[in-house]
Amino acid sequence: MKIASWNVNSLRVRLPHLLDWLVTSRPAMLGLQETKLTDDKFPQKEIESAGYHVVFAGQPTYNGVALLVDAAHFQPPHNVQINNPLFPDDQARLIAADIYATQGKKAMRLICGYIPNGSEVGSEKFDYKRRWLTACAAWIQQELVTHPRLAFVGDFNIAPDDRDVHDPALWHEKILCSTAERQHLEALFKLGLSDAYRLHEQPAQQYSWWDYREAAFRRNRGLRIDLILLSAELAAACTASGIDAGPRRLEKPSDHTPVWADVRL
DNA sequence: ATGGCTTGAGTGTCAAGA
């Protein structure tokens, strides 16, 4: 069963890419970020026609997250939580749900997050990112108490270490790569979550995001900032993980590409 | 080099992303 995450950078523009990817990759569960749609404009029918249950939380212009679950194997999401109950936020950045198999067995708690970008180290938005991440860790800690099988997927807007950066010198202590941001990620690891990508051997220089400018994708000047974090129980059941750069090669792509982990459920 | 693309909003041009 494939668990995946994709920052689509406008679901209105990227819907054809998403529908194609659902057919070719058939993820069991998928978290989307940057849908950039209000809920009245969400393409629910198109996604349901592709065989997926979907829940979503949007706002005008920015942010927006969604969870897709394969309707052939799972019930519609239960106990849907939008945003962090410990952190009042007018930005739509988190959605969580309990996922049950059609036979009734609980599969996991699935959380999709669009972590703030932070703009620039030391800026007001950077401060928001840090407060957001502190509250996020407190909430995840609570969630793990009741949900030992937990997957937290999303655009974390943090490259875990220098292996995840095309040019570590260029990005040294810059936004997405600063020590402070990496410590927030470490705090999530200390709660017992693992970066699914690093559970398995991986080719060097694989990234999940490339700037639209200066032919960054062609030159593979990217960062790995889209992650699948698994609780210990799910990490033990993770058989493979990777990044699918295929959608980044299409016409009018998202600047992010899907990341995935295979988990025995 | 603070640009360089892309999106949404909205019709001129800017904010925001990473």
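What you see is a predicted model, and the numbers here were worked out from it, not measured in a lab. So that the names make sense, note that chain A is the first sequence line, chain B the second, and so on, each numbered from 1.
- Using a 4.0 Å heavy-atom distance criterion, A:Asp226 is classed as making no nucleic acid contact.
- One interatomic measurement links the two molecules: NZ of A:Lys129 to C1' of B:dA16, which rounds to 14 Å at whole-angstrom precision.
- Across the protein-nucleic acid pair, A:Glu124 atom CD and B:dA15 atom C1' stand 15 Å apart, rounded to whole Å.
- No engagement by A:Ile175 is indicated, since no non-hydrogen atom pair under 4.0 Å with the nucleic acid exists.
- As a whole-Å value, the separation of A:Arg218 CZ from B:dG4 P is 18 Å.
- Among the atoms of the strands shown, only primed sugar atoms or phosphate atoms (P, OP1, OP2) are found under 4.0 Å from some heavy atom of A:Lys252.
- B:dG3 and B:dC14: their C1' atoms are spaced 16 Å apart (whole Å).
- A residue-by-residue look at A:Arg12 and A:Leu223 shows that A:Arg12 has its nearest nucleotide of DNA chain B further toward the 5' end.
- Nucleotides B:dG8 and B:dA18 place their P atoms 14 Å apart, quoted to the nearest Å.
- In this model, the phosphate group of B:dG8 is approached by a side-chain N or O of A:Ser10 to a distance below 4.0 Å at OP1 or OP2.
- At a threshold of 4.0 angstrom between heavy atoms, the contacts of A:Asn63 with the nucleic acid are absent.
- Distances shown here put every side-chain N or O of A:Asn9 at or beyond 4.0 Å from the OP1 or OP2 atom of B:dT6.
- A ring-centre distance under 6.0 Å is found for A:His78 and A:Tyr100.
- Ring geometry for A:Phe87 versus A:Tyr128: interplanar angle of 30 to 60°, hence tilted.
- Mapped onto DNA chain B by nearest heavy atom, A:His256 and A:Gln59 fall at different nucleotides, with A:Gln59 at the one closer to the 5' end.
- With B:dA18, B:dA15, B:dG4 as the candidates, the nucleotide lying closest to the side chain of A:Glu214 is B:dG4.
- Side chain to side chain, A:Asn9 and A:Lys36 meet the donor-acceptor criterion of an N or O pair below 3.5 Å.
- Contact annotation: A:Lys36 does not reach the phosphate of B:dT6 (side-chain N/O to OP1 or OP2, under 4.0 Å).
- Between B:dG12 and B:dA1, the two C1' atoms lie 27 Å apart (nearest whole Å).
- The side chain of A:Arg14 places no N or O atom within less than 4.0 Å of a non-bridging phosphate oxygen (OP1 or OP2) of B:dT6.
- A straight line from CH2 of A:Trp209 to P of B:dC5 spans 13 Å, rounded to a whole angstrom.
- One finds a side-chain N or O of A:Tyr114 lying less than 4.0 angstrom from the OP1 or OP2 phosphate oxygen of B:dA18.
- Contact between the side-chain N/O atoms of A:Lys125 and the OP1/OP2 oxygens of B:dA16 is found at a separation under 4.0 Å.
- Look at CD on A:Glu120: it is 15 Å from C1' on B:dA15, rounded to the nearest Å.
- Surrounding NE2 of A:His172 are at most 12 heavy atoms belonging to other residues, nucleotides or ligands under 6.0 Å away.
- A distance of about 14 Å separates the C1' atoms of B:dA15 and B:dG10, rounded to the whole Å.
- Nucleotides B:dT11 and B:dT2 have their C1' atoms positioned 27 Å apart, rounded to a whole Å.
- Here B:dA16 presents its P atom at 17 Å from CG of A:Leu176, a figure rounded to the nearest Å.
- Using modelled atom types, no side-chain atom of A:Asn117 and backbone atom of A:Asn157 make a donor-acceptor pair closer than 3.5 Å.
- No donor-acceptor contact under 3.5 angstrom links the side chains of A:Asp155 and A:Gln33, judged on distance only.
- Taking atom CD on A:Glu181 and atom C1' on B:dA18, their separation rounds to 10 Å, with Å as the unit.
- The separation between A:Gln91 atom CD and B:dA15 atom P is 16 Å, rounded to whole Å.
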